[in-house]
Amino acid sequence: MRARYNGVADWYAARSTNWAEDNREDLLELLGPGEGRLCLDLGCGTGNYFAMIAETGRRVFGLDRSSDQLRFARTKGDVPLVESDAARLPFAAESFDDVLALWISTDLDDFAGTLREIARVLRPDGVFYFYGVHPCFNGPHVEYQDDGGRLAHPTYRQSGWHQPSAWWAGDGIRGTVGMRHTPLAEVLNAFFAAGLVLDHVTEPGGGPVPGAFAVRARLRPGAPR
């Protein structure tokens with residue numbers, strides 16, 4: 001299957017220039033120090049977060065499904081990169097100290113399968129950091145309001161890829177590459193099924209209603225992998 005961001009990477013790179021800085025404080029707080037730890041940036045895209053991850057002392061390894069996105073990531077420093085499907089990671093078990101997934105849940109065809117793969121490649125003391133679209137207050141079912149509120153349409157319970165809707169901005173991510181939705185219960189159950197124990201949960205960002213959802217999780221001792 002063709003990677004959805006192939007052919008639109010130039011558009012995405014221009015649009016996302018400041019996004020990493022916008023999330024800096026919340027992301028660095030979630031990650032904390034990680035001197036010498038090997039971190040897989042899963043769905044690294046154009047590599048906008050490489051420098052920030054390295055600031056924590058971690059060594060970065062990038063993976064993305066889009067060769068077009070990786071074309072930009074190669075300009076962001078001496079970071080090893082691989083093109084691959086997130087649900088079929090080309091790494092041996094226990095390869096990474098940390099795995100970080102930023103803003104990719106609405107792009108994944110198999111969210112639960114991706115989390116199982118993440119658990120497989122984590123070392124026993126490894127940590128998974130998830131930072132992305134809020135399952136309740138962001139996504140294809142949500143219409144943004146002028147007062148900062150969110151209107152949730154009845155399609156909230158519709159898991160999977162959504163058809164374009166009238167409230168989608170034509171020049172946004174949803175209108176350009178489409179969007180998948182994973183309801184909150186499905187998100188949390190995917191963590192549990194993968195043997196990941198939630199250690200910390202936040203709803204980053206300002207505004208009256210959060211648009212982001214962040215989780216720090218660890219492997220459950222004895223969980224099958």
Side-chain angles (χ1 to χ4, degrees), residues 1-24 26-27 30 41-50 52 62-73 75-76 83-87 100-111 114 129-146 148-184 186-187 190 203-207 209-215:
M1 184 180 66
R2 178 179 177 273
R4 295 181 183 90
Y5 285 79
N6 281 353
V8 297
D10 292 273
W11 168 86
Y12 182 83
R15 190 179 183 89
S16 63
T17 302
N18 299 319
W19 288 357
E21 280 301 316
D22 292 343
N23 302 318
R24 167 182 287 276
D26 292 317
L27 179 59
L30 179 71
D41 185 355
L42 182 66
C44 65
T46 58
N48 284 342
Y49 288 89
F50 289 166
M52 197 176 300
L63 177 143
D64 202 272
R65 179 70 178 80
S66 169
S67 58
D68 209 11
Q69 294 272 62
L70 291 174
R71 173 168 55 89
F72 285 90
T75 70
K76 305 291 175 61
E83 178 185 344
S84 182
D85 185 344
L100 171 64
L102 288 157
W103 302 107
I104 69 168
S105 61
T106 50
D107 296 315
L108 295 172
D109 289 310
D110 186 358
F111 184 80
T114 298
Y129 301 91
F130 173 87
Y131 191 119
V133 166
H134 199 297
C136 301
F137 306 121
N138 202 345
H141 63 291
V142 169
E143 182 176 355
Y144 303 107
Q145 304 295 291
D146 292 339
R150 302 285 194 275
L151 174 62
H153 287 266
T155 51
Y156 167 76
R157 292 187 183 277
Q158 180 186 324
S159 180
W161 287 94
H162 283 224
Q163 293 299 313
S165 300
W167 56 86
W168 289 16
D171 63 346
I173 294 289
R174 292 187 286 190
T176 303
V177 298
M179 185 170 278
R180 191 190 193 283
H181 174 56
T182 309
L184 179 61
E186 191 175 321
V187 169
E203 297 173 307
V209 180
F213 179 72
V215 176

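Predicted model, so just to flag it, every value in this text is computed and none were measured. Residue numbers run from 1 in the order of the sequence given.
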| Got Phe130 and Ser105 here, is their nearest side-chain heavy-atom distance under 4.5 Å? | yes
| request: Indicate yes or no for a side-chain donor-acceptor contact from Ser66 to the backbone of Gln69 under 3.5 Å, with no hydrogens or angles considered. | output: yes
| Side chains of Asp64 and Tyr5, donor plus acceptor under 3.5 Å | no
| query | Closest approach of Pro204 and Pro210, non-hydrogen atoms and distance? | reply | O-CB, 4.3 Å
| Nearest non-hydrogen partners of Tyr49 and Asn23, listed with the distance | OH-ND2, 2.7 Å
| When you measure from the side chain of Arg150 to the backbone N and O of Phe137, does any donor-acceptor pair fall under 3.5 Å? | yes
| message | Side chains of Thr46 and Thr75, heavy atoms from C-beta outward: is any pair under 4.5 Å? | response | no
| About how many Å separate NE2 of His141 and SG of Cys136, when rounded to the nearest 0.5 Å? | 6.5 Å
| request: Apply the test side chain to side chain contact (heavy atoms under 4.5 Å, CB included) to residues Arg71 and Asp10: give CA-CA distance (whole Å), side-chain angles for both, the deciding distance (0.1 Å), then the verdict. | output: CA-CA 10 Å; Arg71 173 168 55 89; Asp10 292 273; 3.0 Å; yes
| Gap separating the CE atom of Met179 from the CH2 atom of Trp161, nearest 0.5 angstrom | 8.0 Å
| task | Verify, without hydrogens or angle tests, whether Trp167 (side chain) and His153 (backbone) share a donor-acceptor contact under 3.5 angstrom. | result | no
| message | I need the minimum non-hydrogen distance between Val209 and Gly149, along with the two atoms involved. | response | CG2-CA, 4.1 Å
| message | Under a 3.5 Å cutoff, is there a donor and acceptor pairing between the side chains of His181 and Gln158? | response | no
| Rounded distance (nearest 0.5 Å) linking atom CG of Asp107 with atom CD1 of Ile173 | 7.5 Å
| field | Interatomic distance, Leu30 atom CG to Tyr129 atom OH [nearest 0.5 angstrom] | value | 7.0 Å
| task | Decide yes or no for Trp19 and Trp103: does some side-chain heavy atom of the first lie under 4.5 Å from some side-chain heavy atom of the second? | result | no
| said: When you measure from the side chain of Asn138 to the backbone of Val133, do you find a donor-acceptor pair of N or O atoms at a distance under 3.5 Å? | reply: no
| field | Inter-residue atom distance Met52.CE - Leu102.CG, 0.5 Å rounding | value | 9.0 Å
| query | Can you tell me how far the OG1 atom of Thr114 sits from the CG atom of Leu42, to the nearest 0.5 Å? | reply | 7.0 Å
| task | Flag the pair Asp171 / Thr176 as yes when at least one side-chain heavy-atom distance between them is below 4.5 Å, and no otherwise. | result | no
| Does the pair Lys76 and Asp41 meet the rule for a salt bridge (Lys or Arg N to Asp or Glu O under 4.0 Å), with working shown? | CA-CA 13 Å; Lys76 305 291 175 61; Asp41 185 355; over 6 Å; no
| field | Short side-chain to backbone donor-acceptor contact, Thr17 and Ala14, under 3.5 Å | value | yes
| Distance-only donor-acceptor check, side chains Tyr12 and Asn48, under 3.5 Å | no
| query | Side chain of Trp168, backbone of Pro140: donor and acceptor closer than 3.5 Å? | reply | yes
| remark: Tightest non-hydrogen contact, residues Ala13 and Phe72, listed as CB-CE2, 3.7 Å
| request: Could you check if a side-chain atom of Pro183 sits within less than 4.5 angstrom of a side-chain atom of Pro135, using non-hydrogen atoms only? | output: no
| request: Measure across Gln145 and Leu151 and return the closest heavy-atom pair with its distance rounded to 0.1 Å. | output: NE2-CB, 3.6 Å
| task | Check whether any side-chain heavy atom of Leu70 lies under 4.5 Å from a side-chain heavy atom of Cys44, and answer yes or no. | result | yes
| request: Decide, yes or no, whether a salt bridge links Asp109 with Arg4 under the criterion of side-chain N to carboxylate O below 4.0 Å. | output: yes
| Shortest non-hydrogen contact from His134 toward Glu203 | NE2-OE2, 2.8 Å
| query | Within a strict 4.5 Å, meaning less than it, do heavy atoms of the Val215 and Tyr131 side chains meet? | reply | no
| query | Can you tell me if Arg180 and Thr182 form a side-chain donor-acceptor pair at under 3.5 Å? | reply | yes
